[in-house]
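Count residues from 1 along the sequence. Quick note: numbers below take in every heavy atom, side chains included, and nothing from hydrogens, waters or symmetry partners.
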Amino acid sequence: MKRKIYSLTLTLLLGLFSWNVTAGSGWFSDFIKLNVNGSGVAGPTGFYWIGTDPSYGSSLVAGLGNVTSLKLDGADMKYWGDVGDRTGGSFFYEIKSADGVTTYTAATEVIWTQTALGGNDFQGVSSGLNVDLLAGIPLGTACKLTVWAKSWGTSQGDSYLSNSGANYVATFTVGSISISGATGITNGTLYSTLKGAFDAINANASGVNTDEIALKIAGNTTETATAVLNPSKGVNTLTTAAGSGYQAPVITLTGGTTSAAGSV
């Protein structure tokens, strides 16, 4: 009789031990909120998902392409923990050159506001950060934005959303052309193509025969569309600004190709 009681007690203890081992936590529907090229941060446009595809927004790891502005608004992430054991969470971001040699933004942690969704589910939200992710990055630079996240609890510890430790990486290149001196356009505004810069001048400049516009090109740009600068918008001369890292433009005209610095 004693053996049977002992056997029953052992079975219950093993069952309890097994339940504790399988207790866990996880993630679902996780987004970084970015304003890319002024497109805004409202979903789905500004929602870039990491982790499992929630069939909403855009994939962060698909890349951001050639950007002229890039701002971080925050995050919107959902996660769970067995026995409801999640007490908070945060996300991290870091920006380096594409080759990983230069760090432009060191790993930065942002703690979000957690809300219980019911059951074992939680949501962490951060917004309104308005962080300029291009600050300090030279024009024309190829970069990578790395993102990961974690939640924490009392008995289950930290749970990382980290792509098995590799984290989530989006590549992008900073627009290589900037202009200054154009009436109606903020000095230093970035463009990815000459056509984009010229179109902006045509649409905004208003100082008839008074604007002298400085053009900075920090890398090669291949134009597939015609870039036309309309002199009737008040452009007097277009000069190449001197400076380390900038190139004299090579522009193909109907009469041939010119690469001379100075007025174009």
Side-chain angles (χ1 to χ4, degrees), residues 33-42 45-46 48 58 63-73 95 97-98 104-105 130-143 145 170-264:
K33 296 186 288 185
L34 298 172
N35 188 334
V36 181
N37 297 332
S39 60
V41 296
T45 301
Y48 290 81
S58 303
L64 304 174
N66 198 323
V67 300
T68 55
S69 66
L70 181 61
K71 294 186 177 182
L72 171 66
D73 179 76
I95 297 179
S97 55
Y104 295 107
T105 300
N130 198 35
V131 177
D132 183 3
L133 297 179
L134 301 188
I137 303 178
L139 301 181
T141 303
C143 297
L145 166 64
T171 58
F172 66 89
T173 300
V174 182
S176 60
I177 299 170
S178 71
I179 61 174
S180 60
T183 301
I185 301 175
T186 301
N187 286 346
T189 300
L190 297 176
Y191 300 89
S192 57
T193 63
L194 282 170
K195 176 174 172 51
F198 285 9
D199 287 349
I201 294 170
N202 293 337
N204 293 282
S206 59
V208 178
N209 293 323
T210 59
D211 284 352
E212 181 169 317
I213 299 172
L215 174 68
K216 292 182 178 180
I217 301 177
N220 293 327
T221 175
T222 300
E223 301 289 330
T224 57
T226 302
V228 178
L229 190 60
N230 186 351
S232 69
K233 299 303 293 187
V235 178
N236 183 17
T237 60
L238 184 67
T239 62
T240 59
S244 176
Y246 298 118
Q247 302 178 7
V250 178
I251 300 176
T252 299
L253 306 173
T254 54
T257 301
T258 178
S259 60
S263 297
V264 178

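Side-chain atoms of N35 do not come within 3.5 Å of backbone N or O of L72 as any donor-acceptor pair. The backbone N or O of T68 sits less than 3.5 Å from a side-chain atom of N37, completing a donor-acceptor pair. Between the side chain of T193 and the backbone N or O of G196, at least one donor-acceptor pair lies under 3.5 Å.
For the 3.5 Å distance criterion, the side chains of N66 and T173 fail to qualify, holding no donor opposite an acceptor.
By the side chain to side chain contact (heavy atoms under 4.5 Å, CB included) test, T105 is found to be paired with Y93, I95, T108, residues two or more places apart in sequence or in another chain being considered. Partners of V36 under the side chain to side chain contact (heavy atoms under 4.5 Å, CB included) rule, at least two apart in sequence or in another chain, are L34, S39, Y48, L64, V67, L70.
Among all heavy-atom pairs drawn from P138 and G136, the shortest one is CD-O, 3.6 Å. Of all heavy-atom pairs between G188 and S180, the closest is N-CB, 4.2 Å. Counting all heavy atoms, side chain and backbone alike, S178 lies closest to L190 at CB-CD2, 3.7 Å.
The OG1 atom of T45 sits 13.5 Å away from the NZ atom of K33 when rounded to the nearest 0.5 Å. In this structure, the separation between CG on L133 and CZ on F172 is 7.0 Å, given to the nearest 0.5 Å. Taking CG from L134 and OG from S69, the interatomic distance works out to 7.0 Å, rounded to the nearest 0.5 Å. In this structure, CG in D132 is found 6.0 Å from NZ in K71, a value given to the nearest 0.5 Å.
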- Task: Could you give me the CA-CA distance, side-chain angles and deciding distance for I137 and C143, then say whether side chain to side chain contact (heavy atoms under 4.5 Å, CB included) is met?
- Result: CA-CA 9 Å; I137 303 178; C143 297; 3.7 Å; yes
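Looking only at side-chain heavy atoms (C-beta outward), V174 and Y104 stay at 4.5 Å or farther from each other. With contacts defined as side-chain heavy-atom distances shorter than 4.5 Å, the pair I177/L139 does not qualify. Between I185 and I179 there is a side-chain heavy-atom pair separated by less than 4.5 Å.
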